[in-house]
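For reference, the structure is listed below as structure tokens.
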Amino acid sequence: MFILITFIILIILLVLLHQNYNKYAHGLRERPSYFLWLCTRFLDYKGWTTEQYCLNTNDLKSTDQSGYLTDKDIPTRNQSRPKMLRALPHRQLTQHAPDDIMYEMHKHMESISIPKYGGQTINNELLLRGSSINEYTGADALFLPNADEKTLGHGELAHLHSNDGSFHMILHPSDAKLLIDKQWAERFPLHGVNFLNRIQVPESFILLYAPQNENEVKMWKTILNAAIDYNRDMRKHKH
């Protein structure tokens, strides 16, 4: 009798867990692993998956307030923020980029970079292109060459989610704040987290919402250039 009751309880728990997973994955164009789902439950517990947490910019401070973007570069977004899955993975559930916009984004990334291969180059000013290290479900990414292994993603500064057109990137804190305040972006739920005292997720690691038209693609290119310049300058200052 005890074994039967235990079996029934386990079946009920498995059904409830499966329903919870389906709710978490609903609306995604991909099927995340159960590992990412379990990680998301931990993020929920910490309060890191709320809109308030991901949109908070009070701690985005910098020793210099200049940044690489200006108010003129970034108009206020004229529509509401997309519906989001603020979890692992961090995804846009609505307002996806049209296919032609997505194609243009991929082609632009190809035009400003070379294939990554081993990640080592003679010229530090080159940009490398390859599969994302930070994005477990797959994404095209841009890297700085000759990166320190302790940096996030071994020099990865940005990656494109080809299932929705959103874009994770590391920006100057002032630029990250500007984009969030003008409703173009939000912070990654794990911003600021230090993994095993080895790898630090930057506080200004953001998700930029998917461009919807040619004007927004132009702005995306401006923002991407700001991310590239910032990450290059940061590395120079460390050396």
Side-chain angles (χ1 to χ4, degrees), residues 66-70 72-75 77 89-92 96-149 151-176 178-180 182 184-186 188 201-202 204-239:
S66 57
Y68 295 74
L69 297 170
T70 67
K72 292 181 179 179
D73 294 324
I74 310 298
R77 197 166 186 261
H90 188 196
R91 288 291 184 274
Q92 232 177 277
H96 297 148
D99 289 344
D100 59 328
I101 295 296
M102 188 82 71
Y103 177 77
E104 187 173 349
M105 295 171 77
H106 279 289
K107 295 302 290 184
H108 179 70
M109 290 174 67
E110 289 178 5
S111 72
I112 63 173
S113 61
I114 62 172
K116 184 170 181 282
Y117 300 127
Q120 303 297 311
T121 67
I122 296 175
N123 185 353
N124 263 343
E125 294 301 308
L126 289 173
L127 271 183
L128 307 182
R129 181 182 71 258
S131 297
S132 172
I133 294 174
N134 297 328
E135 179 56 65
Y136 286 102
T137 59
D140 288 340
L142 295 174
F143 300 80
L144 296 180
N146 310 316
D148 185 336
E149 291 190 358
T151 59
L152 181 68
H154 296 178
E156 182 175 334
L157 62 94
H159 60 251
L160 171 63
H161 304 133
S162 57
N163 43 21
D164 63 14
S166 62
F167 207 82
H168 274 130
M169 60 172 66
I170 302 169
L171 285 168
H172 186 285
S174 297
D175 294 339
L178 176 67
L179 288 166
I180 294 169
K182 293 202 171 187
W184 290 103
E186 61 183 61
F188 181 54
V201 180
S204 56
F205 190 70
I206 66 155
L207 180 140
L208 184 70
Y209 303 138
Q212 304 293 299
N213 53 53
E214 286 294 334
N215 286 335
E216 292 187 10
V217 170
K218 290 178 182 177
M219 191 176 73
W220 167 76
K221 291 177 181 178
T222 299
I223 297 167
L224 179 57
N225 286 339
I228 294 167
D229 290 343
Y230 169 65
N231 283 274
R232 281 174 172 163
D233 289 347
M234 283 293 290
R235 183 163 71 173
K236 290 175 183 175
H237 293 156
K238 287 180 180 178
H239 292 298

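In this text the structure is predicted, and so the values were computed from the model without any measurement.
Pairing each heavy atom of Ser131 with each of Ala141, the nearest pair is C-CB, 4.4 Å. Nearest heavy atom pair, residue Pro75 against residue Trp184, reads O-NE1, 2.6 Å. Of all the heavy atoms in Tyr68 and Ala226, the pair that sits closest is CB-CB, 3.7 Å. The two residues Pro145 and Leu126 have their closest heavy-atom pair at CD-O, 3.0 Å. Nearest heavy atoms, Gly67 versus Asp175: CA-OD1, 3.6 Å. Scanning both residues, Asn231 and Ile170, for their nearest heavy atoms gives ND2-O, 3.0 Å.
In this view, Asp73 and Thr70 satisfy the side-chain hydrogen bond (donor to acceptor under 3.5 Å, both in side chains) rule, not counting sequence neighbours. Partners of Asn134 according to the side chain to side chain contact (heavy atoms under 4.5 Å, CB included) rule, which considers only residues two or more places apart in sequence or in another chain, are Ser132, Leu152, Glu156, His159.
Residues Leu144 and Leu128 have side chains not in contact (no heavy-atom distance under 4.5 Å, counting atoms from C-beta outward). When side chains are defined from C-beta on, Phe188 counts as touching Val201, because their heavy atoms get closer than 4.5 Å. Residues His172 and Ser204 have side chains not in contact (no heavy-atom distance under 4.5 Å, counting atoms from C-beta outward). Considering only heavy atoms from C-beta on, Ile228 comes within 4.5 Å of Ile112 through its side chain. You'll find the side chain of Ile223 reaches within 4.5 Å of the side chain of Ile74, heavy atoms only. Here the side chains of Ser162 and His106 are in contact, with some heavy-atom distance below 4.5 Å. The closest side-chain heavy-atom distance from Met169 to Leu157 is not below 4.5 Å.
Shown here is Lys218, whose NZ atom has no more than 12 heavy atoms of other residues, nucleotides or ligands within 6.0 Å.
Here the straight-line distance linking atom OH of Tyr230 with atom CG of Leu69 works out to 12.5 Å at 0.5 Å rounding. Here CZ of Arg77 is found 11.5 Å from CG of Leu179. Values are rounded to the nearest 0.5 Å. Here the straight-line distance linking atom CG of Leu160 with atom CZ of Arg129 works out to 12.0 Å at 0.5 Å rounding. The CZ atom of Phe143 sits 12.5 Å away from atom CD1 of Ile114, with the distance rounded to the nearest 0.5 Å. A distance of 5.0 Å separates CG in Asn124 from CG in Asn146, rounded to the nearest 0.5 Å.
With hydrogens and angles ignored, the 3.5 Å screen pairs no side-chain donor or acceptor of Arg91 with any backbone N or O of Asn163. At least one donor-acceptor pair closer than 3.5 Å links the side chain of Arg232 to the backbone N or O of Glu125.
In summary, Glu104 and Lys221 engage in a salt bridge, as defined by a charged side-chain N under 4.0 Å from a carboxylate O.
The only option from Gln92, His161, His90 that meets the side chain to side chain donor-acceptor pair (under 3.5 Å) definition with Ser166 turns out to be His161.
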Q: For the pair His108 and Leu224, evaluate side chain to side chain contact (heavy atoms under 4.5 Å, CB included) and give the outcome as yes or no after the intermediate values.
A: CA-CA 10 Å; His108 179 70; Leu224 179 57; 4.0 Å; yes
